[in-house]
Amino acid sequence: MSELLDQARREINRVDGELVRLMGERMRLVDDVIRAKKEAGLPVLDSSREAAVLDRVEKAAGPELAPYVKPVFSSMMDMSKCYQHAKAPSAQPELLREGRENASRLPLRPRVACQGSPGAFSGEAAQRMYPGGELHFVETWDDVFRAVQDGRCDFGVLPVENSLAGSVGQVYDLLMKYRFTISRACRLPVVHNLLGVPGASLDDISEIYSHPQALAQCARWCSALPGVRTIPLNNTASAAKMVAGLGDPKKAAISSVYCAGIYGLDVLAAGIQSDKNNTTRFVSVSQKLIIPPGANRVSLIFSLPHEVGSLNRTLAHFSAMGLNLTKIESRPAPESFHYLFYLDFAGSTDDRMLEQLIGSLSSQLPDFAFLGDYVEE
């Protein structure tokens with residue numbers, strides 16, 4: 001059995017070597033295709049040619065092997081398109097150069113729009129990303145985008161994902177609507193605390209106010225307090241502000257230490273959430289593309305052709321380059337019957353191959369949008 005296995009592996013190695021040689025020969029012929037298309041002013045993608053090649057391969061492979069051979073040839077043609085794009089000039093590098101130049105012209109004290117009121121987690125995230133920034137609080141996430149669009153603010157900070165609740169789909173929808181880009185990102189640990197007026201104690205508390213999600217995340221701890229009612233409000237910062245304004249030792253709020261400092265409240269109990277690993281990811285959006293030094297995360301939006309295996313072929317590009325996908329999610333496109341894919345991965349467009357990959361995907365995929373190359377803390 002061992003001799004038979006060794007012999008089979010030697011033969012496979014021989015065949016693999018021949019496949020590599022033939023692939024190299026095919027790529028050299030692709031060079032001829034590139035020159036011919038350039039002279040004729042033809043696009044890289046020729047769907048009818050690809051369909052004809054796959055049809056011929058399917059017939060040659062036969063019914064037993066066709067399901068395995070056809071995807072290999074489809075992937076090989078995708079790699080050929082990437083090779084053609086790598087040889088051809090792209091408009092993408094100019095966009096990336098502009099993004100790097102914009103990063104050198106940032107205001108010293110940027111104006112940052114946040115949803116909620118002073119003390120909200122979005123405000124805390126904004127302070128982390130822009131220390132000393134001028135925070136402007138608005139009512140809704142759409143208002144954040146409008147403040148940036150109208151020029152009243154330079155950036156807008158919004159939550160896009162929570163480790164417990166998942167993605168914030170509405171924010172992704174607004175990103176596509178406004179076509180803004182991501183400038184920075186950070187992950188903020190969400191630590192819930194019980195806050196009361198100075199001098200209050202746990203024994204005094206009869207009512208606890210907070211956002212419904214915060215109340216749910218602290219329900220186990222709150223249930224251990226006999227006779228205490230929990231009352232929902234629109235956000236944790238509003239709850240802290242209200243308790244401070246009432247000055248009643250019987251009323252408390254579930255909020256952050258950041259809020260306690262703003263509104264002059266005492267922390268009566270710290271870290272009362274059931275899950276100690278609760279984290280929210282925030283992003284900063286802007287109208288102009290900004291690519292700072294040390295950018296380490298890239299985000300894209302795109303839709304896919306309605307073809308079998310289209311998602312697999314697209315993701316194969318990232319796998320071939322050894323890129324680590326950190327997020328992929330689909331969302332229904334507004335007012336249509338197809339889906340948009342949101343994809344994040346670790347990397348930097350300083351890498352020439354990655355730059356060419358983005359240029360290639362932008363010409364192949366419908367509704368493609370480069371969301372940014374940014375620093376994630």
Side-chain angles (χ1 to χ4, degrees), residues 112-129 135-144 157-171 186-282:
V112 187
C114 308
Q115 186 273 334
S117 54
F121 286 112
S122 59
E124 188 174 353
Q127 290 283 18
R128 281 188 56 179
M129 288 189 271
L135 303 190
H136 295 258
F137 288 93
V138 295
E139 288 190 13
T140 68
W141 290 325
D142 190 73
D143 290 337
V144 171
V157 169
L158 304 116
V160 291
E161 186 178 5
N162 179 265
S163 57
L164 301 181
S167 296
V168 185
Q170 186 182 347
V171 173
C186 75
R187 294 182 181 273
L188 186 70
V190 178
V191 180
H192 292 308
N193 308 274
L194 188 71
L195 309 183
V197 298
S201 69
L202 281 178
D203 294 335
D204 297 326
I205 304 304
S206 61
E207 294 179 351
I208 297 175
Y209 299 83
S210 197
H211 186 276
Q213 193 174 73
L215 292 174
Q217 292 169 4
C218 302
R220 189 185 306 167
W221 187 90
C222 292
S223 65
L225 298 178
V228 174
R229 290 196 307 145
T230 56
I231 302 169
L233 291 180
N234 59 348
N235 62 63
T236 58
S238 296
K241 183 178 181 180
M242 187 196 76
V243 167
L246 291 174
D248 186 344
K250 295 181 180 180
K251 302 184 188 302
I254 293 176
S255 192
S256 65
V257 172
Y258 181 60
C259 257
I262 289 176
Y263 296 111
L265 298 174
D266 287 346
V267 177
L268 306 183
I272 63 175
Q273 71 274 9
S274 298
D275 193 311
K276 303 303 180 184
N277 297 313
N278 188 2
T279 303
T280 298
R281 181 176 181 237
F282 289 86

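For N193 (side chain) and L195 (main-chain N/O), no donor-acceptor pair under 3.5 Å exists by modelled atom type. Proximity of a side-chain donor or acceptor of Q273 to a complementary backbone N or O of H192 within less than 3.5 Å is detected. R128 places a side-chain N or O within donor-acceptor distance of the main-chain N or O of R187, the cut-off being under 3.5 Å.
In this structure, I272 and C218 approach most closely via the heavy-atom pair CG1-SG, 3.6 Å. Nearest heavy-atom pair across W141 and Q115 is CD1-CB, 3.7 Å. Here the closest non-hydrogen pair linking P249 and V197 is CA-CG2, 3.7 Å. Smallest separation of non-hydrogen atoms from I254 and C222: CD1-SG, 3.9 Å. Taking all atoms of both residues into account, the shortest heavy-atom contact from A126 to V157 is CB-CG2, 3.9 Å.
The side chain to side chain contact (heavy atoms under 4.5 Å, CB included) test applied to L225 returns I208, W221, V228, not counting sequence neighbours. The salt bridge (Lys or Arg N to Asp or Glu O under 4.0 Å) search around K251 returns E207, not counting sequence neighbours.
Taking NE2 of H136 as the start and SG of C114 as the end, the distance is 9.5 Å to the nearest 0.5 Å. Considering CD of Q213 and CG of N235, their distance stands at 12.0 Å, rounded to 0.5 Å. Separation of atoms OH (Y209) and CG (L215) is listed at 11.5 Å; rounding is to 0.5 Å. In this structure, SG on C186 lies 4.0 Å from CE on M129, to the nearest 0.5 angstrom. A distance of 8.0 Å separates CD in Q170 from OG1 in T140, rounded to the nearest 0.5 Å. Between the CG atom in N162 and the OG atom in S167 there is a gap of 9.5 Å [rounded to 0.5 Å].
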Distance-only criterion, 3.5 Å: show the donor-acceptor pairs between side-chain atoms of residues 255-271 and protein atoms not counting sequence neighbours.
residue	atom	partner	partner atom	Å
S255	OG	T236	O	3.4
S256	OG	Y258	N	3.4
S256	OG	C259	N	3.1
Y263	OH	P118	O	2.6
D266	OD2	G199	N	3.4

Derivation and outcome, side chain to side chain contact (heavy atoms under 4.5 Å, CB included), residues Q127 and L135 = CA-CA 8 Å; Q127 290 283 18; L135 303 190; 3.8 Å; yes
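Residues E124 and L188 have side chains in contact (heavy-atom distance under 4.5 Å, counting atoms from C-beta outward). A heavy-atom distance below 4.5 Å is found between the side chains of V190 and F121. Counting heavy atoms from C-beta outward, V160 and T280 have side chains that stay 4.5 Å or more apart.
Checked by atom type, the side-chain pair Q217/N278 shows a donor-acceptor distance below 3.5 Å.
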